[in-house]
Amino acid sequence: MNMSFGKMNTFIDIISTTTTRDSEGFTRTSDTILASMRAYKEERHGNERWANRAAFSTASSLFRFRKIPGLRITTEMIIVCADGRYRVLSVEDVRSRGVYVEVLAEKLEPTVR
């Protein structure tokens with residue numbers, strides 16, 4: 001699989017969220033952007049590759065991007081793009097070459113406050 005730059009046309013931020021509690025007991029969530037980059041994004045659909053990913057039935061999207069030196073992507077992280085926020089469900093080194101990372105993610109629905 002050759003990831004051409006033309007296919008990597010979705011701009012994403014990889015963020016970590018931290019929750020803090022103030023003196024009155026209210027919690028506040030804040031985002032820290034760890035990296036911003038272009039990525040390939042694929043929505044879930046009924047082809048054979050997605051059928052093979054049945055273990056991740058809640059995954060709604062796949063993101064593929066270049067590995068970032070010094071940053072380990074984990075399931076505690078969130079991916080943000082123009083379509084919304086996505087919780088990282090799994091992280092895989094594409095073909096174990098250390099060049100690209102493939103992330104299966106679940107779209108987070110906004111909460112009403």
Atom pairs and distances, side-chain donor-acceptor, residues 74-83, under 3.5 Å, sequence neighbours left out:
{"unit_1": "Thr74", "atom_1": "OG1", "unit_2": "Glu76", "atom_2": "N", "d": "3.3"}
{"unit_1": "Asp83", "atom_1": "OD2", "unit_2": "Lys41", "atom_2": "NZ", "d": "2.5"}

- [ ] Begin with the C-alpha distance, continue with both residues' side-chain angles, and end with the deciding distance and a verdict on side-chain hydrogen bond (donor to acceptor under 3.5 Å, both in side chains) for Tyr100 and Glu102.
- [x] CA-CA 7 Å; Tyr100 291 101; Glu102 186 173 277; over 6 Å; no

Open item on the list: If hydrophobic clusters are built from ILVMFWY residues whose side chains come within less than 4.5 Å, do Val103 and Leu108 share one?
Closed with: no

Task: Verify same cluster id: Ile68, Leu34 (apolar side-chain graph, 4.5 Å) - done: yes

- [ ] Run the numbers on Val101 and Phe63 for side-chain contact (heavy atoms from CB on, under 4.5 Å), then give the verdict.
- [x] CA-CA 8 Å; Val101 175; Phe63 293 89; over 6 Å; no

Open item on the list: Between Asp13 (side chain only) and Ile15 (backbone N and O only), is there a donor and an acceptor less than 3.5 Å apart?
Closed with: no

TODO: Determine whether Thr19 and Arg28 make a side-chain contact, defined as any pair of heavy atoms from C-beta on separated by less than 4.5 Å.
DONE: no

Open item on the list: Is the shortest side-chain heavy-atom distance between Arg72 and Val91 below 4.5 Å?
Closed with: no

Open item on the list: Measuring from atom NZ of Lys67 to atom CZ of Arg97, what distance do you get when rounded to the nearest 0.5 angstrom?
Closed with: 14.0 Å

Task: Within one Ile-Leu-Val-Met-Phe-Trp-Tyr cluster: Leu104 and Met37, side-chain cutoff 4.5 Å - done: yes

TODO: Taking ring pair (Phe, Tyr, Trp, His ring centres under 6.0 Å) as the test, write out the residues that go with Phe65, two or more places apart.
DONE: none

Open item on the list: Side-chain heavy atoms nearer than 4.5 Å, only ILVMFWY residues, links allowed to pass through others: does that put Leu62 and Phe11 together?
Closed with: no

Open item on the list: If I take atom OG from residue Ser60 and atom CG from residue Leu89, how far apart are they, to the nearest 0.5 angstrom?
Closed with: 8.0 Å

